[in-house]
There are 4 protein chains.
Amino acid sequence: MGSVKTKRMPRAVREQQMLDAAVRIFGRRGYTAASMDEIAELAGVSKPLVYLYLNSKEDLFTACIRREASALTAAVRSGVRPGLPADRQLWEGLCAFFTHTARNPEGWTVLHLQARTHGEPFAAEVDAMREGIVAFVTQLIDVAAREARPQALGCARPGRHPQDPELPERETAGLAEALVGAAESLAAWANTTPGVSAGQAAATLMNFAWAGLGNLMEGRPWSPPDHD
Amino acid sequence: MGSVKTKRMPRAVREQQMLDAAVRIFGRRGYTAASMDEIAELAGVSKPLVYLYLNSKEDLFTACIRREASALTAAVRSGVRPGLPADRQLWEGLCAFFTHTARNPEGWTVLHLQARTHGEPFAAEVDAMREGIVAFVTQLIDVAAREARPQALGCARPGRHPQDPELPERETAGLAEALVGAAESLAAWANTTPGVSAGQAAATLMNFAWAGLGNLMEGRPWSPPDHD
Amino acid sequence: MGSVKTKRMPRAVREQQMLDAAVRIFGRRGYTAASMDEIAELAGVSKPLVYLYLNSKEDLFTACIRREASALTAAVRSGVRPGLPADRQLWEGLCAFFTHTARNPEGWTVLHLQARTHGEPFAAEVDAMREGIVAFVTQLIDVAAREARPQALGCARPGRHPQDPELPERETAGLAEALVGAAESLAAWANTTPGVSAGQAAATLMNFAWAGLGNLMEGRPWSPPDHD
Amino acid sequence: MGSVKTKRMPRAVREQQMLDAAVRIFGRRGYTAASMDEIAELAGVSKPLVYLYLNSKEDLFTACIRREASALTAAVRSGVRPGLPADRQLWEGLCAFFTHTARNPEGWTVLHLQARTHGEPFAAEVDAMREGIVAFVTQLIDVAAREARPQALGCARPGRHPQDPELPERETAGLAEALVGAAESLAAWANTTPGVSAGQAAATLMNFAWAGLGNLMEGRPWSPPDHD
DNA sequence: AATGAATGAGCGTTCATTCAT
DNA sequence: GATGAATGAACGCTCATTCAT
């Protein structure tokens, strides 16, 4: 895969080959330690061509980040069916997320590790994506809160008004952050622990997130939907 | 800023100054992009002295990782009072963790990001520490499970035997991994979001982890101990 | 002096320029004291190009040794006509040797001095060449011994059998070693003593080696062939 | 031997320890590659002390050369009994030479190889010694020539006049150079070829030098004195 | 559309050498 | 008599980048 040295290809194809190679090398070595030589060689082209198409190492890395971020976002987005209840949506999103990161570990490494270890230009790029995901999760949590209100009415504390968001804004943001962080961490764990599937990782996280450890202890785990 | 350039100091002192500088630079730039020149300059010494005392860039980085890992482990360990119930222990550990990472953000960056982006020699070092923490959390979860059993007896599902562990081993490992990952992620979030204290971060995570989102929705948050 | 700084030359040409410069610098300064900067400058190229083409200082030095060893071996070999009697062959070989070393003193210094002062990688390279020469001389001595036998028959010591080699193996090896050593030493002497030609150096050595000091004293010098 | 770390010794002793160490290291690594650190460590003293006593690397190397040159000259001189005939004197000198170089290989390497591979300051030092030896050998050859005259009278060629030196000056110098060169080369050979004693090396060279290959072929080798 | 040839700048590392004690 | 602490200068090597074709 990757570097069969074929000559005279349309630009778009060559560019993808270069990005493929770059993601691989950046993922393995990190931004600074990766060398343009190695990338060009793995891409099966000469170095000047890389510069002709992608301008500079910085631009190349940025292009990698953008491509991988888009791919990940698209994968998650297309894995979620909007009409479903919040927990189902979250479950599907997590499944899509773990599946994608398992299939594309180097891309995930680029986003999760390598892009964050260097200054503004790159971290900002990845933060944009992350914020999108965090916003999505935040909104799911809010939806869930609204869905849960009816059940909660009986035990609503007196001072609380139904229109108020169930949780203050910062609280929600923190919860989403924690959820996403846990997901990121589990992705690395699932990728390196043999025998852990994307579904299992997603189930573990749903249990953790939805039911809470306390409930788990009391024998009330969150149960994944029977199928699909 | 940096250390005042004083001459002729005992070796041990100089070594600490060097490690301080190194943690700072490694944290900011990453292992590869950090330059020994910059580290030496920030430490207020000449480069040969850095090599005389710490041998090589690799050894210097390893020394940083070890020092920061020890400091973090010690901070968490000394923040937890062993006799308490599991959730209290976890709460205290999280508070200590968030406090330490907030006070020492560059050290935390070295451990969390920089050390993991490069091969075996360094990742192994930090994995050792991480496994220690995960093991601690895993055990807390098990303890909590045992504590929870009496309450759970009434609604115990028929096939379950009291001697069985409440949760299968891999499940527990995944939960611990998720919890630690969430904590790591929240540490970065708390450090960069103005106005979020260590206590708030810990509370957010306890809510998330202990009560679960589901319970939160139903108005049953986990509540931090009143005081201390 | 040195090579005119011309740009954009084919690789093979540049490589020879680099080797020329390297032989010069290595010969003057020795392996360790020679600096790649100086070599590159004398070659009229930038340092990275030297590394691009010749990999490392070690490889560059090895390449120098190999080139000079080949050149010297070729010069000696092509100077000797195989059909002639042993003393004539030796005479021709010595003339070729002294001529070559006089014309290429830095190359000779590299082989004779610099390559031997550093460990295995280089000494082995030059020893291979030297052994070739010693073997050639050894064989000439043996041939001479066989040629000399008829004359020697009259005074042959009784126990000696014609089939026996005239001289035991180690003895022959020692003699060849001495002869080659004397030649090496005379090469340096001829190069630094003004007015000593290659032919004179060769004649001196032939006298020494073939007739022996004892014979010389008795007025029976070995006489070089009248011409050609 | 070498580096037992004893404290507070008189200067002369310390200096000898340093020179011992320096000869060893210089012999092994060469002048440039040898490091003052390694020398100081092997000598069992701190680096500043080496500088206090011997000023600089250059002076230290010079001191090594001088000491080894003196030792070698003294060994050869004291091995030769002046009254004897020239060939006996040469034989004794060679024996002393090969014995000394075999016992002190690192010192010999310093003189023979390392000192010659670097510019003027050191080469001059060793050349002085070498010239002394060459002069000694030259004179022996002249003496031998004078001794040989009576025997040679009968077969003296008509044109030769007794007052003339038997051999022109440059010729003699070349012969001495060749002899010394052969000796130097054989010293290295004897040191690295197992089972070759100093006496055997000396005998090989005497055969070579005194009888000449031609005579050897005719069964008339030079024979070493029976004993002592 | 693509590349062989070439370099300025910098990095990790080491070394001979010197103070201050 | 002896040393721990410290450095300026250089060296081998590599990298991102460009030019001429």
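Chain letters run A, B, ... following the sequence lines, proteins first and then strands; every chain starts at 1.
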Item to check | Whether His118(C) and Phe122(C) hold their rings parallel, tilted or perpendicular, with breakpoints at 30° and 60° | outcome: perpendicular
What integer distance in Å separates [X]:[atom1] from [N]:[atom2]?
{"X": "Tyr53(A)", "N": "dT3(E)", "atom1": "OH", "atom2": "P", "value": "9 Å"}
{"X": "Glu41(D)", "N": "dG4(F)", "atom1": "CD", "atom2": "P", "value": "13 Å"}
{"X": "Glu38(B)", "N": "dG10(E)", "atom1": "CD", "atom2": "P", "value": "13 Å"}
{"X": "Arg29(A)", "N": "dT14(F)", "atom1": "CZ", "atom2": "C1'", "value": "14 Å"}
{"X": "Glu15(D)", "N": "dG1(F)", "atom1": "CD", "atom2": "P", "value": "11 Å"}
{"X": "Asp59(C)", "N": "dG12(F)", "atom1": "CG", "atom2": "P", "value": "14 Å"}
{"X": "Gln17(D)", "N": "dG1(F)", "atom1": "CD", "atom2": "C1'", "value": "13 Å"}
{"X": "Ile25(D)", "N": "dC15(E)", "atom1": "CD1", "atom2": "C1'", "value": "15 Å"}

Checklist entry - Do Arg11(A) and Tyr53(A) meet the cation-pi criteria used here (NZ or CZ under 6.0 Å from the six-membered ring centre, within 45° of the axis)? => result yes
Checklist entry - What one-letter contact string describes nucleotides 16-21 of chain E from 5' to 3', where B marks a base within less than 4.0 Å of any protein heavy atom, S marks contact via sugar-phosphate atoms alone, and - marks no contact? => result SBBBS-
Checklist entry - What heavy-atom pair brings Trp108(D) and Ala188(D) nearest, and what distance separates the two atoms? => result NE1-N, 4.4 Å
Checklist entry - For the residue pair Ile25(A) and Ala34(A), what are the closest heavy atoms and their distance? => result CG2-CB, 3.7 Å
Checklist entry - Any stems for DNA chain E, made of 3 or more Watson-Crick or G-U pairs in a row, each with both distances under 3.5 Å? => result E:2-21 with F:2-21
Checklist entry - If you measure from CG on Leu19(D) to CZ on Arg67(D), what distance do you get to the nearest 0.5 Å? => result 5.0 Å
Checklist entry - How many angstroms lie between CG in Leu111(D) and CZ in Arg130(D), if you round to the nearest 0.5 Å? => result 11.5 Å
Checklist entry - Looking across every strand, which nucleic acid part, if any, lies under 4.0 Å from Arg11(D) by heavy atom: base, sugar-phosphate, or nothing? => result nothing
Checklist entry - So, Arg29(C) versus Gln114(C): side-chain donor-acceptor pair below 3.5 Å or not? => result no
Checklist entry - Salt bridge check: are Asp59(C) and Arg66(C) linked by an N-O gap of less than 4.0 Å? => result no
Checklist entry - So, is Arg14(B) near the phosphate of dA5(F), with a side-chain N or O under 4.0 Å from OP1 or OP2? => result no
Checklist entry - Donor-acceptor pair, Lys57(A) side chain versus Thr32(A) backbone, under 3.5 Å? => result yes
